[in-house]
Amino acid sequence: MRDVAVVSFVQAPSVRRDPARNEVEILMPVVSAALEQSGIPLRDIGFTVSGSCDYLAGQPFAFVMGLDAIGAWPPIEESHVEMDGAWALYEAWIRLQEGDIDSALIYCFGKSSMGELPEVMSMQLDPYYLTPLWPDAISMAALQARAMLDFGSHDEREMASVAARSRRDAASNPNAHLSGDFDVDVLLKEPYLVSPLRKHDCPPISDGAAAIVLVAGDKAREICERPAWIRGIDHRVEAHQLGSRDLTVSSSTALAAEQAGGRGGAFDVVELHAPFTHQELILLDALSLSNGARVNPSGGALGANPMMAAGLIRIGEAAQRIMDGSAARALAHATSGPCLQQNLVCVLEGE
Amino acid sequence: MSDPVTGIITPVRLEYTYTPGVAASRFLKRIASKEIVGQKCPRCAKVYVPPRGSCPKCGVPTEEEVTVADSGTVTTFCIVNIPFAGSVPVPYVSAHILLDGSDIPLVGLLQEVAAEDVRMGMRVKAVWVPDEELAPTLLSIKYFTPTGEPDVPIEKIMEYRDA
Amino acid sequence: MELCGVIGIGQTKHDTARTDVSIAGLVREAALRALEDAGLTWSDIEAVVLGKAPDMFEGMMMPELYLADALGAVGKPLLRVHTAGSVGGSTAVVAAHHVQSGRFKRVLTVAYEKQSESNAMWALAPKIPFQQPIVAGAGGYFAPHIREYIRRSGAPSDIGIKVALKDRLNALKNPFAHLRMEGITLEQVAASPVLWDPIRFLECCPSSDGACAMVLASEDVATRNEPAWVLGTAVRSEPLGMAGRDEINPRAGRDCAEAVYAQAGIKDPRNDIDCVEMYVPFSWYEPMWLENLGFTEIGTGWRLTEDGVTALDGDLPVNMSGGVLSSNPIGASGMLRFAEAALQVRGRAGEHQVDGARIGLGHAYGGGSQFFAMWVVSGEKP
């Protein structure tokens, strides 16, 4: 495996709704800042890959708007995944393994506020059996939470604790927009939104963007004092139909973590892309970490959840803590699809 | 066995609130007063109409606003002979129009001219909707129509392709 | 970089509406054929790379999630690529990188479009209040550029007709082709209605349901399967709305060709390459891309067409399968070009086989002539 590291990470401060800027205007300063931080101009970047989603933008070819904003001239080697930016990073990492190029720019953006997000998310279901029933994203997550509670692996108090901790941590993250000091007992007295989920168990709807620069080998050391080396990265998908998988566990996370060399490991920091509180509990079970790692010091997706970027931001947040010297080993996770259908795990280390 | 199901229809209705963005908002507001405003790249000096707040070539923000003419030159075109829902009656001409002062053609409808008389290099100008119908949308320009000025030589109009 | 070979190729019968299969059934049809060709089963596949054009074409957001089961991807990495019309080609390139990176030995790549499941015209033109409505369709986008090409090159006006006839006749030799027009003549193409002057109806691609799949494998696995060896892959993108851009001879296309030739050790494409599957959705794009790809001097691409060089029995056959003009499941159209090039160098193209084809070029483009993907394949191990 070729050594590849995150050398720069920039995100737009997430907001509930950016009323003035379009996606590209949110993205542009992020990409420029990430490139500037790396010291590599776009023309010297070996490979560029982005993540975005037409159904969020409400129009086809959302990624073309992004390409038109970054200065892709002379023409660049470029790709796009209709997935969270974390998978764009995976594609870049694969590309960097071949050895002929040394750097990659990854960017992603999403204005989740433009449509009715829970309904928009119904469009990603089986078009014959599920979408016609319009199960919204929160109701699907509630089914999973109910399965977990009934199985007995966790309870509602643990879920509320995840919410309280995440919102408290989000307060010290200038890029998060849902934060506060909440008491678990008070939270548990709140009414259900979609039983067994209360409002605090659900993520905010966020507009945002993020960019990462990856650099291979010694070049990364030249650019960055403490590059965040990718020691392992893997992603796995599960069956789509909720009825054909065990919703109380995340087998694809366990498998991806195993492959990435993270399962059962010891980490200083873990950044999990768990939009719903119960999903953090399920993910932690799947990871079986061996020590008391600090989980989601950024506040996670419960503090800001810009679709298509929230996963890449987890990798960025984890890498940032290695780059700033506050962590030596970190694990980042991204998810896609209803009820944690698809999961990516990335293990990062300092020197 | 009964007949196989070969399709189902699921009506989908999704509502979005689009954000034109900072650059386009300024452009659209000025369109409502019959003014076409582009943005000039601080690096390559190209003028973009409509503006998008950045230069696609240089990747830098564009802020300087430049008012361009509502007249220009047809760089190329096609004659549309098949009707689309919401289109004007066929045949009609869809033309690339390089407005005077702009460095990138925009696509516009040509009217008040027979399709077979349209030429590359033809000079055209915007015909605006009546003042009371002006709004922050490109639809404020009803269409373009020939000015009657002499054509611009082809070699001259192709100079804009200089990337 | 590890060597990569194409060991399995499959495609569906392409048609206006494949009402006999669901979207899952369609992709499976192609994938199973590719697996069978490779002599593998689902469990042999280590990763799946899926490509298709805009989600709104079928009214499904991120369809890889729903298709995970049908593609045998459960428990495996599954990536979804989208680079507009070039996506089928880009997807194959991403899949090749999976093998070339040394991380995977057997990768399944699939691309599809089932345009009959939704309304593509609607999908391409959402009514966004402050944007100018698109009132002319895809032909309306490309026709002005074709007019400009004709002006620049001084090409006779019947070149587009000749390309269309050639591709439609080639399609008769391809059992998977969507449009198979028995007895088609030059006169019929010439007499077909001019939809977007200068584009005639029979000079246009259809709208198809269809899928294409390939199994790509590492050197040790591929050697046993008479593969098409991947000698080079390249992708290049340039901005859509850039002042001064030349959409007729885009730099991204030229750069992409240069990069893929350099990797494949091709110095003189006209002589070194035996056959080409290029993305020609409107017939005039054959001469345009012949120039952009460096097969001939700028302004002379039409002469190759006129002289029969690009015919199936010509010196440089182009679109032996009938091309995009005969089958256009958009998301798969690029991958079909890549797969057909591979079929040729494996000597398995059946009736539309080019005798002795050793080196083939697969080409795809997308967006406003701004996204390019290419690969060069060979029957001989490099």
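Residue numbering restarts at 1 for every chain, and letters A, B, ... go by the order of the sequence lines. Computed from a predicted structure; not experimentally measured.
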With only heavy atoms counted, which part of [X] is less than 4.5 Å from chain C, the side chain, the backbone, both or neither?
| X | result |
| --- | --- |
| A:V120 | both |
| A:I76 | both |
| A:S50 | neither |

### Query
Would you find a donor on one side and an acceptor on the other, under 3.5 Å apart, between the side chain of A:Q342 and the backbone of C:L78?
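Judged by distance alone, yes, a pair lies under 3.5 Å.
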### Query
Counting N and O atoms only, with roles assigned by atom type, does the side chain of A:D68 sit under 3.5 Å from a partner on the main chain of C:G241, one being a donor and the other an acceptor?
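Here the side-chain-to-backbone pair exists.
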Select one option (side chain, backbone, both, neither) describing which atoms of [X] are under 4.5 Å from chain A's heavy atoms.
| X | result |
| --- | --- |
| C:E2 | neither |
| C:D55 | both |
| C:T91 | neither |

### Task
Establish, yes or no, whether a centroid distance under 6.0 Å links the rings of C:Y66 and A:Y129.
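Between A:Y129 and C:Y66, which both carry aromatic rings, the centre distance is not below 6.0 Å.
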### Query
In terms of heavy-atom pairs under 4.5 Å, which option from C:A68, C:S90, C:A373, C:A84 contacts chain A the most?
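Looking at each option in turn, the highest pair count goes to C:A84.
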#### Entry: Heavy-atom pair count under 4.5 Å with chain A, highest-scoring of C:R80, C:M1, C:E58, C:E64
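The residue among C:R80, C:M1, C:E58, C:E64 with the greatest pair count is C:R80.
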### Message
My understanding is that only residues two or more places apart in sequence, or in another chain, count here; which of them pass side chain to side chain donor-acceptor pair (under 3.5 Å) with C:T19?
### Response
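Applying side chain to side chain donor-acceptor pair (under 3.5 Å) to C:T19 gives none.
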### For chain C, which residues of residues 238-249 of chain A have heavy atoms nearer than 4.5 angstrom
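A:E238, A:A239, A:H240, listed by number.
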### Message
If I compare all heavy atoms of A:W73 with all of C:P239, which pair ends up nearest, and what's the gap?
### Response
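Closest heavy-atom pair between A:W73 and C:P239: CE3-CD, 4.2 Å.
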### Task
Show your working on side-chain hydrogen bond (donor to acceptor under 3.5 Å, both in side chains) between A:E78 and C:S237 and close with a plain yes or no.
CA-CA 6 Å; A:E78 188 257 2; C:S237 309; 2.7 Å; yes
### Message
Check the orientation of A:F63 and C:H82. Use parallel for under 30°, tilted for 30 to 60°, and perpendicular for over 60°.
### Response
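Rings of A:F63 and C:H82: perpendicular, as their planes differ by over 60°.
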### Query
How about A:F61 and C:M56: do any of their side-chain heavy atoms sit closer than 4.5 Å?
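Contact flag for A:F61/C:M56 side chains = no.
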